[in-house]
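Notes follow the structure.
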Amino acid sequence: MPELPEVEAVRKGLNQLVQGKVIQQVTVDWPNIIDTTLPIDEWSQLLQNERIEKIERRGKYLIIYLTHWALISHLRMEGKYNFYPKGQVPSQKGKHVHVRFLMTDGSQLEYDDVRKFGRMTLIDPQGVGRYFEERKLGPEPTKEQFRLDDFASSLKKTKRAIKTVLLDQKSVAGLGNIYVDEVLFRSKIHPETKADLLTLNQVETLREQIIQVLQEATAKGGSTIRTYKNSLGELGQYQKELQIYGRTGALCIHCQTPIEKIKVGGRGTHYCPKCQPLKA
DNA sequence: TTTAATGTTCATGA
DNA sequence: TTCATGAACATTAA
């Protein structure tokens with residue numbers, strides 16, 4: 001489900017649904033979801049009586065600020081949150097529900113993840129900045145934070161395929177496999193172009209498309225290829241806008257050439273061979 | 001039965 | 001150090 005626009009949709013939903021609530025009890029049904037050295041019961045205990053102050057986002061990470069802790073949550077491939085008001089909490093948990101947060105008002109927040117790839121960890125709120133620095137997470141994809149000069153110099157340093165570079169979150173945060181294909185298509189750049197060979201013009205276009213595509217998708221509540229609902233039960237609307245992802249064999253909207261699918265860095269990659277030519 | 005799927009992290013070898 | 005590759009995590013659906 002989650003690239004930056006989807007995570008942002010979840011963040012907004014959670015802020016509306018659980019901000020201000022107090023955690024009464026946490027049940028962990030699949031301990032591997034939790035990144036901790038503590039026994040899982042002790043970890044759960046740490047969350048008791050903590051109030052949910054606010055939910056922020058950095059790249060694809062959710063940061064749930066509690067009274068004494070910051071709960072960092074990454075949805076990876078298929079993580080989601082479900083919320084049930086008092087009286088509507090299911091009597092038996094869903095098959096893929098791995099963490100349940102029972103609130104003092106009788107409502108419940110659940111973490112649901114078919115593939116169990118998502119992770120949560122509890123850190124000192126003072127250490128949030130350090131947490132992302134350690135991971136070398138790149139800037140947020142906004143005009144203000146995502147600087148052309150920094151982007152250009154980071155691309156000059158590597159001969160890796162531009163798609164691989166954009167996916168590793170270090171030059172810029174938030175792109176995943178869907179939006180990276182969209183961005184490269186709109187920028188008319190072949191996904192296997194070596195990053196250091198891009199012209200300054202191309203880098204400029206790329207930066208603008210990254211900002212614009214993620215911003216537009218965020219405004220429309222994200223997209224998703226599988227049926228996905230955010231915690232509010234709303235569907236992302238950006239899916240309809242996808243021009244290249246998942247359109248293998250269909251015709252390019254600009255030149256009617258059939259869209260091709262290849263592997264780049266192990267990921268399925270869609271592109272138009274005519275609009276996105278590969279040069280030396 | 002095989003393969004691929006919205007992501008990150010770790011190990012290995014060049 | 002850097003990079004590429006593959007595996008791991010685990011399940012579902014085509």
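Proteins come first, then strands; the chains are lettered A, B, ... in the order of their sequence lines, and each starts at number 1. Values in this document were obtained by computation on a predicted structure and should not be read as measured data. Computed from heavy atoms alone, side chains included, the values below leave out hydrogens, waters and symmetry copies.
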Distance in angstrom units between A:Glu134 CD and B:dT8 P, rounded: 17 Å
Whole-Å gap separating C1' (C:dT2) and CG (A:Asp168): 12 Å
A:His98 side-chain N/O to C:dA10 phosphate OP1/OP2 under 4.0 Å: no
P atoms of B:dT3 and C:dG6, separation to the nearest Å: 14 Å
Sugar-phosphate, base or nothing in reach of A:Arg119, heavy atoms under 4.0 Å: nothing
Within the 6.0 Å centroid threshold, strictly below: A:Tyr61 and A:Phe132: yes
Aromatic stack A:Phe117/B:dT8: centroid gap under 5.5 Å, interplanar angle under 30°: no
Distance in angstrom units between A:Arg115 CZ and C:dT11 P, rounded: 11 Å
Sugar-phosphate only, base, or nothing, as touched by A:Asn32 at under 4.0 Å among non-hydrogen atoms: sugar-phosphate
Side chain to side chain contact (heavy atoms under 4.5 Å, CB included) partner of A:Arg100, the single match among A:Val89, A:Asp29, A:Val26, A:Asp112: A:Asp29
Length of the line joining A:Glu78:CD and B:dA4:C1', which is rounded to integer Å: 12 Å
Atom pair distance, as rounded to whole Å: CD1 in A:Ile33 and P in B:dG7: 17 Å
Nucleotide of C:dC3, C:dA10, B:dA4 approaching A:Lys261 most closely (side-chain heavy atoms): B:dA4
Any A:Trp30 side-chain nitrogen or oxygen under 4.0 Å from OP1 or OP2 of C:dC9: no
N or O in side chain of A:Gln169 less than 4.0 angstrom from B:dT8 OP1/OP2: yes
Distance flag, aromatic centroids of A:Phe185 and A:His190, threshold under 6.0 Å: no
Nearest listed nucleotide, side chain of A:Val114, among C:dT12, B:dG7, C:dA10: C:dT12
Linked, directly or transitively: A:Ile40 and A:Leu109 (ILVMFWY side chains, under 4.5 Å): yes
Electrostatic pair A:Glu56-A:Arg11, nearest N-O below 4.0 angstrom: no
Among C:dT12, B:dA5, B:dT6, the one nearest A:Lys95 by side-chain distance: C:dT12
Nucleotide nearest A:Ile178 when distance is taken to its side chain, options C:dT12, B:dT6, B:dT9: B:dT6
Distance test, side-chain N/O of A:His74 to OP1/OP2 of B:dT8, below 4.0 Å: yes
Contact check, side chains of A:Val18 and A:Phe83, non-hydrogen atoms, under 4.5 Å: yes
Whole-Å gap separating P (C:dC3) and CG (A:Asp196): 10 Å
Within the 6.0 Å centroid threshold, strictly below: A:Tyr111 and A:Tyr81: yes
Below 4.0 Å: OP1/OP2 of C:dA10 and any side-chain N or O of A:Arg76: no
A:Arg135 to A:Tyr131, cation-pi by 6.0 Å centre distance and 45° axis angle: yes
Closest contact, heavy atoms only, A:Lys170 versus A:Asp168: N-OD1, 2.9 Å
A:Lys159 side-chain N/O to C:dC3 phosphate OP1/OP2 under 4.0 Å: no
Close residues, residues 262-270 of chain A, relative to DNA chain C [heavy-atom separation under 4.0 Å]: none
Stem regions touching DNA chain B, defined by at least 3 consecutive Watson-Crick or wobble G-U pairs below 3.5 angstrom: B:2-5 with C:11-14, B:7-14 with C:2-9
Proximity to the side chain of A:Glu3 - top-ranked nucleotide from B:dT9, B:dT6, B:dA5: B:dT6
Salt bridge (Lys or Arg N to Asp or Glu O under 4.0 Å) partner of A:Asp181, chosen from A:Arg267, A:Arg186, A:Arg247, A:Lys163: A:Lys163
Atom pair distance, as rounded to whole Å: CG in A:Leu75 and C1' in B:dG7: 11 Å
Gap in Å between the two P atoms, one belonging to C:dT1 and one to B:dT8, rounded: 24 Å
Protein-nucleotide distance (A:Leu137, atom CG; B:dT8, atom C1'), rounded to Å: 12 Å
C1' gap between C:dA7 and B:dA4, integer Å: 16 Å
Where A:Cys275 and A:Cys252 come nearest, the two heavy atoms and their spacing: SG-SG, 3.7 Å
Closest to the A:Tyr245 side chain, choosing from B:dT6, C:dC3, C:dT11: B:dT6
Proximity to the side chain of A:Arg160 - top-ranked nucleotide from B:dT8, C:dC3, C:dA10: C:dC3
Out of C:dC3, C:dA10, B:dT6, whichever nucleotide has its closest atom nearest the side chain of A:Thr158: C:dC3
Any side-chain heavy-atom pair of A:Leu166 and A:Ile210 under 4.5 Å: yes
